[in-house]
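Scroll down for the structure; my scribbles are underneath it.
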Amino acid sequence: MDLVGTVTAAGVTTMTLDNPANRNALSTALLEQLLGALAAAAADPECRVVVLSHTGPVFCSGVDLQETAAAGPGDRLPAEMLADVLAVLWEYPKPLVARIGGPARAGGLGLIGAADIAVCTRSATFAFTEVRLGVIPAVISATVLPRLAPRAAADLFLTGDVFAGPRAEQIGLVTAAVEEDRLDAVVAGYCASLLRGGPLALAGTKQLLRRTPEASIRADLADLANRSAAHFTSAEGREGVAASREKRDPGWVG
């Protein structure tokens with residue numbers, strides 16, 4: 001089953017999360033296909049810019065909770081594989097533009113944070129829902145925290161509250177929040193500007209933007225993936241995931 005569509009035209013490769021029936025949840029199958037698409041685009045001289053888009057009304061609902069709940073001892077969780085994808089996105093040599101035409105939750109915000117430019121509709125909603133599932137936003141923190149204002153990060157990571165496009169722009173999660181009928185035009189405008197840059201110069205500039213005195217992104221994500229897995233496999237994490245799937249409050253909510 002094709003879960004990630006890929007089309008290249010006029011220097012722009014559009015990768016489309018294409019499992020709307022599952023709200024484009026990040027299953028291991030989808031993440032594997034996304035990794036394959038990214039590798040192919042990186043090697044394709046016809047691709048100068050990558051746009052990450054989606055079908056259906058939801059950009060991405062986060063990691064696949066059904067797959068997570070079914071995982072047995074020793075199985076690799078989708079949240080752990082997401083770390084591999086975020087590392088590739090963060091180190092990607094070509095400009096990445098996220099096109100967000102609908103809600104994004106949890107792991108989906110990690111994809112947005114990893115993009116160089118992110119454009120959403122003003123009506124799109126976002127939430128770091130992890131704490132309400134009894135887990136932590138560990139893996140996505142590697143790409144999201146460098147974008148967010150610290151006070152906003154504390155507020156939204158700890159409360160799990162929903163916020164909309166204008167606040168996402170205000171706190172740095174996205175580059176721009178626009179009216180729905182302008183989304184594609186604004187994304188196209190950014191792509192046109194990026195295509196005017198030299199490919200090697202763009203890759204070099206991205207390296208400058210990613211410079212950090214701390215440990216490498218891969219070492220950081222390996223540690224964060226371990227922390228995430230520990231919470232997902234804990235009793236609290238399993239209760240939170242089960243409650244979400246069963247559309248009820250978890251046991252710790254009075």
Side-chain angles (χ1 to χ4, degrees), residues 2-26 30-31 33-34 36-38 40-42 44-62 85-86 88-90 92-127 143-144 147 162-199 202 205-206 209:
D2 291 334
L3 302 174
V4 178
T6 305
V7 175
T8 300
V12 178
T13 296
T14 300
M15 298 180 190
T16 305
L17 306 182
D18 190 17
N19 191 11
N22 199 27
R23 300 185 300 163
N24 294 319
L26 300 173
L30 186 148
L31 291 167
Q33 291 186 27
L34 183 55
L38 288 165
D44 181 3
E46 298 300 314
C47 169
R48 299 271 311 282
V49 176
V50 171
V51 173
L52 183 60
S53 187
H54 62 102
T55 60
V58 176
F59 175 75
C60 178
S61 60
V85 172
L86 294 184
V88 169
L89 291 171
W90 192 258
Y92 208 64
K94 300 180 181 183
L96 292 162
V97 180
R99 175 195 174 278
I100 306 129
R105 298 290 186 270
L109 277 67
L111 302 180
I112 295 169
D116 300 299
I117 293 168
V119 184
C120 73
T121 59
R122 290 177 60 83
S123 61
T125 61
F126 307 87
T143 60
V144 169
R147 308 295 190 192
V162 175
F163 57 102
R167 189 172 188 203
E169 179 181 1
Q170 178 189 33
I171 65 177
L173 178 64
V174 301
T175 311
V178 302
E179 296 298 335
E180 186 172 348
D181 60 0
R182 295 187 59 235
L183 178 62
D184 289 328
V186 172
V187 168
Y190 276 115
C191 290
S193 294
L194 291 166
L195 289 169
R196 295 183 66 85
L202 288 168
T205 300
K206 287 193 60 166
L209 291 167

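Heavy-atom basis, side chains included; hydrogens, waters and symmetry copies ignored. It should be emphasised that the depicted structure is a prediction, and the values quoted were computed from it without experimental measurement.
A distance of 8.5 Å separates CG of Leu26 from CG of Leu34, quoted to the nearest 0.5 Å. With rounding to the nearest 0.5 Å, the separation of CG in Leu30 from CG in Asp2 is 11.0 Å. Rounded to the nearest 0.5 angstrom, Leu209 CG and Thr205 OG1 are separated by 7.0 Å. Atom CG in Leu89 sits 8.0 Å away from atom OG1 in Thr143 (nearest 0.5 Å). To the nearest 0.5 Å, the span separating CG on Asn24 from CZ on Phe59 amounts to 8.5 Å. If you take CG on Leu96 and OG1 on Thr13, they are separated by 10.5 Å, rounding to the nearest 0.5 Å.
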In sequence, state the C-alpha distance, the side-chain angles, and the governing distance for Asn22 and Leu3, and then conclude on side chain to side chain contact (heavy atoms under 4.5 Å, CB included). CA-CA 10 Å; Asn22 199 27; Leu3 302 174; over 6 Å; no

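The two residues Leu202 and Pro95 make their nearest non-hydrogen contact at CD1-CG, 3.9 Å. Residues Cys191 and Val51 approach most closely at SG-CG2, 3.5 Å, considering heavy atoms. Nearest approach of Ala114 to Leu86, heavy atoms of both residues: CB-CD2, 4.4 Å. Scanning both residues, Gly108 and Cys60, for their nearest heavy atoms gives CA-SG, 3.7 Å. Among all heavy-atom pairs drawn from Cys47 and Ala41, the shortest one is CB-O, 3.7 Å. Among all heavy-atom pairs drawn from Gly102 and Ala124, the shortest one is O-CB, 3.6 Å.
Applying the side-chain contact (heavy atoms from CB on, under 4.5 Å) rule to Thr16 yields the partners Thr14, Ser53, Thr55; only residues at least two apart in sequence or on another chain are considered. Val7 is linked by a side-chain contact (heavy atoms from CB on, under 4.5 Å) to nothing, counting only residues two or more places apart in sequence or in another chain. Applying the side-chain contact (heavy atoms from CB on, under 4.5 Å) rule to Arg48 yields the partners Leu195, Pro199; only residues at least two apart in sequence or on another chain are considered. In this structure, the side-chain contact (heavy atoms from CB on, under 4.5 Å) partners of Ala37, at least two apart in sequence or on a different chain, are Val4, Thr6, Met15. Take Glu46 and apply the salt bridge (Lys or Arg N to Asp or Glu O under 4.0 Å) test, not counting sequence neighbours, and it matches no residue. For Arg122, the salt bridge (Lys or Arg N to Asp or Glu O under 4.0 Å) criterion is met by Glu179, not counting sequence neighbours. The salt bridge (Lys or Arg N to Asp or Glu O under 4.0 Å) search around Asp44 returns none, not counting sequence neighbours. Checked against salt bridge (Lys or Arg N to Asp or Glu O under 4.0 Å), Lys206 has the following partners two or more places apart in sequence or in another chain: Asp116.
Between the Tyr92 side chain and the Leu38 main chain, a donor and an acceptor come within less than 3.5 Å of each other.
Between Leu194 and the options Val97, Val12, Val50, a side-chain contact (heavy atoms from CB on, under 4.5 Å) holds for only Val97.
The ring pair (Phe, Tyr, Trp, His ring centres under 6.0 Å) analysis of residues 162-194, with sequence neighbours excluded, yields the pairs Phe126-Phe163.
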Below 3.5 Å, can you tabulate the donor-acceptor pairs from side chains in residues 181-189 to any protein atom, sequence neighbours excluded?
from: Asp184; atom 1: OD1; to: Arg99; atom 2: NE; distance (Å): 2.6
from: Asp184; atom 1: OD1; to: Arg99; atom 2: NH2; distance (Å): 3.3

Enumerate donor-acceptor pairs with a distance under 3.5 Å from any side-chain N or O in residues 170-178 to protein atoms, sequence neighbours excluded.
from: Thr175; atom 1: OG1; to: Ala118; atom 2: N; distance (Å): 2.9
from: Thr175; atom 1: OG1; to: Ala118; atom 2: O; distance (Å): 3.4

